[in-house]
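The residues of the chain are indexed from 1 along the displayed sequence.
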Amino acid sequence: MNRSWPLSRKRVFEIITVGEMDDAPSRLYDLVNTLTIVINLTVSVMYTFESIRAFCGPWLLSIEAATVAFFAVDCALRLWTAKFLHPSLPEYRAVCKYIFSFSGLVDILSFLPYYLPVFFPTGAVAFRMFRVVRIFRLFRINAYYDSLNVITEVLASKRQQLMSSVFILLVLMLASSLCMYSIEHEAQPAVFTNAFSGIWWSVSTLLTVGYGDIYPVTSTGKIFSIFITFLGVGMVAIPTGIISAGFVDQYSRLKRISEYANEADVHFIKVHLSSRDSWAERTVQELGLPHGILVAAIQREKGIIVPRGNVVLLPGDTLVLGAESVGDDKHIDLKEIVLRRQNPWNGQRIRDLDISRQTIIVMVKRKGKMLIPNGDLVLLEGDKIILYTQMHLSQANSIQI
């Protein structure tokens, strides 16, 4: 009984979160949740029409009560399973983190204002205003569909550029307000009373929303207004272009992932055997390759040999090795250094280098050939050294695997 309780609790969490395609109960809950949100908002809008309210007002109120009750149960289940949402935190902290998150606040405000007038009748009008928060539950639908997720991903990836464009727009608003005050104050002292009185004019002009209550009357002010109008068209186009480019990049990335996902599961490399290699004159099964690495093909002269276990490898063979690609969450950062004439490593053996113990030379590339970085290898001008280090190295290029 004690064991089944946490398991059932975890199963509830799996159901109420965004479900996988093969999890029928979770997908069904997602569908019911989406329909409840749409029905609740539809009823809220329909209840504002007097003719509809007079014809089927009690039915609308009953539907609203049922959907709000569903929101309350949904929020209670999410509070109950919050520890699975944040498994690294203690349960009370996981609950608090959910409550004060955007989704948690929307979930709570979706049903709490509906029941608060029962306990506080005098605040019924104020509580009804908070019911508008239910519309933000539409963002929960955003999590159910990948096409809608692109919107939040684009805004998150382009937030720096969008903030920069908004900052420039605010600076232009303030500058245009100050300039218009200087130009129009003497002609319209009652309209442009101070430096901030032209803010509304600058907003309506820069954002091209139209204005009529505040406008310039002097010739200089009208000329300046024309200039600001043209500038505003360009400023509005900047964030529009950023978001449009973000959508194109995101959909292109998703398309590349979907097209090349299967090919990226396995990574292949070629290894050329010489007479000095220890793999020469040995069979494939004697190589003792680690688990997950396989010999995909053997190229010998102009033919391809199937790499069965009893195939003997010969000097001059080219092996094609396959291994699982490194996942996106397991990046390995390496550094690449090209030795120049003035580099102190030039002409030294690897074992004589004054480097940190945390620095490991992975390989040395010399004239198109890969060299094993043993201690006796002498580094020469023009060598490309690929190493792993946590130190800062000048003139080093980062390589991410």
Side-chain angles (χ1 to χ4, degrees), residues 41-42 44-51 102 105-106 109 113 123 125-139 141-142 147-253:
L41 294 177
T42 303
S44 299
V45 173
M46 292 175 63
Y47 196 77
T48 60
F49 292 88
E50 186 175 353
S51 57
F102 176 77
L105 291 174
V106 170
L109 293 177
V125 177
F127 295 145
R128 182 172 291 275
M129 292 176 57
F130 281 102
R131 297 185 187 181
V132 181
V133 178
R134 294 178 199 166
I135 197 171
F136 289 108
R137 288 188 69 93
L138 288 172
F139 286 109
I141 301 177
N142 190 39
S147 58
L148 294 177
N149 275 327
V150 175
I151 300 174
T152 56
E153 292 175 1
V154 168
L155 294 178
S157 62
K158 300 295 182 180
R159 61 183 181 276
Q160 296 292 342
Q161 296 91 325
L162 291 174
M163 291 299 296
S164 299
S165 62
V166 171
F167 175 75
I168 295 173
L169 187 61
L170 292 176
V171 171
L172 288 177
M173 285 168 49
L174 181 60
S176 61
S177 176
L178 289 170
C179 291
M180 189 57 67
Y181 167 77
S182 302
I183 296 172
E184 294 288 325
H185 176 65
E186 293 184 1
Q188 303 182 81
V191 177
F192 293 92
T193 56
N194 51 54
F196 291 99
S197 59
I199 288 290
W200 165 243
W201 171 87
S202 63
V203 170
S204 58
T205 305
L206 283 169
L207 300 182
T208 63
V209 298
Y211 63 94
D213 51 346
I214 299 177
Y215 54 89
V217 295
T218 63
S219 300
T220 306
K222 291 179 180 179
I223 295 173
F224 181 76
S225 178
I226 294 172
F227 174 74
I228 290 296
T229 303
F230 279 106
L231 191 61
V233 173
M235 289 308 304
V236 173
I238 290 177
T240 305
I242 292 173
I243 295 175
S244 301
F247 273 107
V248 173
D249 293 342
Q250 189 70 10
Y251 278 113
S252 299
R253 187 182 70 84

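- With sequence neighbours excluded, no residue forms a side chain to side chain donor-acceptor pair (under 3.5 Å) with Ser164.
- With sequence neighbours excluded, the residues that form a side-chain contact (heavy atoms from CB on, under 4.5 Å) with Ala187 are Glu184, Val217, Thr218.
- For Tyr181, the ring-ring contact (aromatic ring centres under 6.0 Å, His included) test picks out His185, with sequence neighbours left out.
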The test is side chain to side chain contact (heavy atoms under 4.5 Å, CB included); show your working for Leu170 and Leu174 and say whether it passes. CA-CA 6 Å; Leu170 292 176; Leu174 181 60; over 6 Å; no
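- Between Ile243 and Leu162, some side-chain heavy-atom pair lies under the 4.5 Å cut-off.
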Run Ile228 and Met180 through side chain to side chain contact (heavy atoms under 4.5 Å, CB included) and show every step you take. CA-CA 10 Å; Ile228 290 296; Met180 189 57 67; over 6 Å; no
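- The shortest heavy-atom contact between Pro239 and Ser165 is CB-OG, 4.0 Å.
- With contacts defined as side-chain heavy-atom distances shorter than 4.5 Å, the pair Cys179/Phe224 qualifies.
- Ser176 places a side-chain N or O within donor-acceptor distance of the main-chain N or O of Met173, the cut-off being under 3.5 Å.
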